[in-house]
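Structure record follows, encoded as structure tokens.
Atoms considered below: every heavy atom in the structure, side chains included; atoms not considered: hydrogens, waters and symmetry mates.
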Amino acid sequence: MDISDRNLERLIERFHLLDPAQLAEARLEMEKSKSGTGLQSVLLNLGYLKEEDLLRASAEHLGIPYVDVEGLSPEPAVVLLVPEELALSKGVLALERQGQQLVCAMQDPNDVVTQDLIQRRARVTVVPHLAARGAILKKLADYHDHYKVAVVEHLMKTVRDQGRELTQQIGLNIQSIESVTEQAPIIRAVNLIIIGALLKRASDIHLVPEKQTLKVKYRVDGVLQDEQSLSMADAPAVIARIKVMSKLDISERRLPQDGAFQILLEGREIDFRVAVTPTIFGEKMVLRVLDKSGIVLGLDHLGFGADQLRGFKQQIHRPHGIILIVGPTGSGKTTTLYAALNILNTGDKNITTVEDPVEYKIEGLTQIQTHSEIGLDFAAALRSILRQDPDVVLIGEIRDQETTEIAVRAALTGHLVFATLHTNDASSAVSRLTEMGAEPFLVASALRCALSQRLVRNICPQCRESYDLPAELAPRLRDSFGNLPPAGTKLWRGRGCNYCFHTGYRGRSAVSELLVVDEAIRGRIAARGSSVEMQSLALAAGMKSMYQDGVDKVLKGVTTLEEILEVAEDLA
């Protein structure tokens, strides 16, 4: 809640929030900065005033309750009474419905326009409580999936009743494909496949031809699941419809093809990248679902541990150097990169990306799609970019010596370079740059950090249950000092329910390790040290290994031990 300087001084005097010397020092700091920073920001930055104390005093002054939403878990049905866009933009979290009254935590309880919008939509009377904007937004992120499910369930009902109307509603041009698929059942089938994937938060849709059926599979939280089977008699029409949506040649069935299309879902743009390849039973099609809302949440909501998150944020604000994100395909590298760029994308920096392919189109970034067939590869694009005065450069993947050398040179000449590599851990990424031909002493000067990550499934919050840690598994959960977990330690798992589609898991989090290049590691890079040596130096300097980060998440009840053993046991 922003408070004018005059009103803030009145609050300070009435509630004795500061002593006069601190207030005088804050005023001097305001005069020195000459940046127009308000008294509230100066006091908070100096640490003389805590946000919670200020909010409590403001609430008492206004005669309304103050609420700390961090420890609350309001019912999803109540939270969803306020549309997500309105809730995020105005800082509103619905907490409880009491008859015709709706208790709402608000960043600005005096915002009567927002209250009126909520009252007209939900047909309730808003009872405002004051809360911190940051805490409200953090809690709203926990309900992001609920908002998505509510939207898609509404559309699912619509598609069952009105197949063609839904096609128009989500932005697909059906006029151009009437000649290909005249029958309404095919239209409904494709719509249900697409919307079913969105309902289940699938990252990929697989249409797999078999001898007698076309299998529909969804990849949910990294796991491929059978969804339904269609008759092979309908398969050509289903494939043809999606081909036309993707601007592909419907007559070509012998060669692979790649395309894309986009739908608009309740104002949200969702892109689909389509790949078709011939098989002995017909054409197989895979649709990658690219939902921009997944990267809008930011780094704070990707599941990184507090230490890794703090260290990584420090590195991305460095003025120059190379920041590597490493891991296998499907480990969330692209999401992490874009979440980092979102922080830097403030309009005062020239940010340019070179990608193959461009997965997310982000306003404010200059994005370049490589085309190796015409000579526009990563190296050629980078040479051009560096002549256009960039501040930040993102390289989709460092693949060869030339790209490596240009990236290192860019970092040494004052640019901040983000890039990905396919390596198993952070220390291997450091040595990989020298193995690809870059001079070790240059890599030592250019490299700032390497973040290695994997994705693990989160335990479903609706059906999670605790159980006693089996004695035989205790050695797997040693901490970084080798200590066993205490007796009576509880672990968590999901029973399976409708919310998680009976898998016991819902959503994914990152497990990671962050290797920051300090003087000791810089010396080993210059001396062509091995990845084992650098791993040892990083651990000695306080780096938490990926496996240990996973163990922490198991003990906190975020994920299961089985998930950690599957993705990171070899990195223990």
Counting C-beta onward and ignoring hydrogens, is there a side-chain heavy-atom pair between Leu421 and Leu433 closer than 4.5 Å? yes
Could Asp356 and Arg399 be called an ion pair, given the rule that one side-chain N must be under 4.0 Å from one carboxylate O? yes
Does a side-chain heavy-atom distance below 4.5 Å link Val554 with Val558? no
Would you check, one step at a time, whether the test side-chain contact (heavy atoms from CB on, under 4.5 Å) holds for Glu566 with Val456? CA-CA 9 Å; Glu566 183 172 339; Val456 295; over 6 Å; no
Quick one: closest heavy-atom pair of Gly330 and Arg508, and the distance? O-NH1, 4.2 Å
side-chain hydrogen bond (donor to acceptor under 3.5 Å, both in side chains) between Gln453 and Ser512, intermediate numbers included: CA-CA 4 Å; Gln453 67 178 65; Ser512 61; over 6 Å; no
Spacing of OG belonging to Ser203 relative to CG belonging to Leu290, to within rounding of 0.5 Å: 9.5 Å
I'd like to check Gln388 versus Thr352 (side-chain heavy atoms, cut-off strictly below 4.5 Å). Are they in contact? no
Would you check, one step at a time, whether the test side-chain contact (heavy atoms from CB on, under 4.5 Å) holds for Arg310 with Asp307? CA-CA 5 Å; Arg310 188 184 311 110; Asp307 294 339; 3.4 Å; yes
Could you check whether any side-chain N or O of Thr434 sits under 3.5 Å from a backbone N or O of Val430, counting only pairs where one atom can act as donor and the other as acceptor? no
Pairwise distance NZ(Lys333) to CZ(Arg454) - rounded to 0.5 angstrom: 9.0 Å
With rounding to the nearest 0.5 angstrom, report the CZ to CD1 distance, Phe378 to Ile398. 9.5 Å
Closest approach of Tyr505 and Cys500, non-hydrogen atoms and distance? O-CB, 3.2 Å
Nearest 0.5 Å, please: how far is OG in Ser509 from CG in Leu455? 8.5 Å
If you count the non-hydrogen atoms of other residues, nucleotides and ligands that lie under 6.0 Å from NZ in Lys138, is the total more than 12? no
Closer than 3.5 angstrom, by distance alone: can the side chain of Asn350 be matched with the main-chain N or O of Asp389 as a donor-acceptor pair? yes
Can you check whether Val358's main-chain N or O pairs, donor with acceptor, with Gln369's side chain at less than 3.5 Å? yes
For Phe312, ring pair (Phe, Tyr, Trp, His ring centres under 6.0 Å) partners two or more places apart: none
Approximate separation, where rounding is to 0.5 Å, of Thr336 OG1 and Leu299 CG: 7.0 Å
Verdict with supporting geometry, Glu513 and Met543, side-chain contact (heavy atoms from CB on, under 4.5 Å): CA-CA 7 Å; Glu513 60 184 22; Met543 181 185 82; 4.1 Å; yes
Using side-chain contact (heavy atoms from CB on, under 4.5 Å), reason through Leu93 and Leu140 one step at a time and then give a plain yes or no. CA-CA 7 Å; Leu93 175 68; Leu140 283 170; 3.7 Å; yes
Could you tell me whether the side chain of Ile395 reaches within less than 4.5 Å of the side chain of Leu382, counting heavy atoms only? yes
Under 4.0 Å between a side-chain nitrogen and a carboxylate oxygen: does that hold for Lys313 and Asp300? yes
Got a donor-acceptor contact below 3.5 angstrom from the Lys490 side chain to the Leu555 backbone? no
So, for Leu515 and Ile521, which heavy atoms are closest and what is the spacing to 0.1 Å? CD2-CD1, 3.9 Å
When you measure from the side chain of Arg448 to the backbone N and O of Leu416, does any donor-acceptor pair fall under 3.5 Å? no
Output yes when a side-chain donor or acceptor of His415 lies under 3.5 Å from a complementary backbone atom of Ala410, and no otherwise. yes
With heavy-atom distances below 4.5 Å as the criterion, would you say the side chains of Thr560 and Leu491 are in contact? no
Please report the shortest heavy-atom distance between Ala411 and Ala446, naming the atom on each side. CB-CB, 3.9 Å
Backbone N or O of Glu355 within a donor-acceptor pair of the Thr353 side chain at under 3.5 Å? no
Do Leu324 and Thr420 make a side-chain contact, defined as non-hydrogen atoms from C-beta onward lying under 4.5 Å apart? no
Return yes when atom CD of Glu70 has more than 12 non-hydrogen atoms of other residues, nucleotides or ligands closer than 6.0 Å, and no otherwise. no
Taking the side chain from Ser428 and the backbone from Asn424, do they hold a donor-acceptor pair closer than 3.5 Å? no
Could you go through residues 524-533 and list every donor-acceptor pair under 3.5 Å that involves a side-chain atom there, pairing it with any protein atom two or more places apart or in another chain?
from   : atom 1 : to     : atom 2 : distance (Å)
Arg524 : NH2    : Glu533 : OE1    : 3.3
Arg524 : NH2    : Glu533 : OE2    : 3.3
Ser530 : OG     : Glu533 : N      : 3.3
Ser530 : OG     : Glu533 : OE1    : 3.4
Glu533 : OE1    : Ser530 : N      : 2.8

With a distance cut-off below 6.0 Å to the six-membered ring centre and an angular limit of 45° from the axis, does Lys200 pair with Phe501 as a cation-pi contact? yes
What are the two closest non-hydrogen atoms of Ala438 and Thr404, and how far apart are they? CB-CG2, 3.7 Å
Any side-chain heavy-atom pair from Leu442 and Leu412 closer than 4.5 angstrom? yes
Kindly indicate whether the side chain of Val274, heavy atoms from C-beta on, has any atom under 4.5 Å from the side chain of Met285. yes
For Thr559 and Asn458, what are the C-alpha separation, side-chain angles and deciding distance, and is it a side-chain hydrogen bond (donor to acceptor under 3.5 Å, both in side chains)? CA-CA 5 Å; Thr559 189; Asn458 295 338; 5.5 Å; no
May I ask you to say whether Glu465 pairs ionically with Arg493, meaning some side-chain N is under 4.0 Å from a carboxylate O? yes
Is it true that a side-chain atom of Arg288 and a backbone atom of Arg273 form a donor plus acceptor pair closer than 3.5 Å? no
Heavy-atom closest pair (Lys139 atom, Leu72 atom, distance to 0.1 Å) is NZ-O, 2.8 Å
Electrostatic pair Lys553:Asp549 at N-O distance under 4.0 angstrom: yes
Between the side chain of Glu563 and the main-chain N/O of Arg457, is any donor-acceptor distance below 3.5 Å? yes
Salt-bridge criterion met for Arg201 and Asp221 (N-O under 4.0 Å): yes
Calculate, to the nearest 0.5 Å, the distance between atoms OG and CZ belonging to Ser246 and Phe272 respectively. 10.0 Å
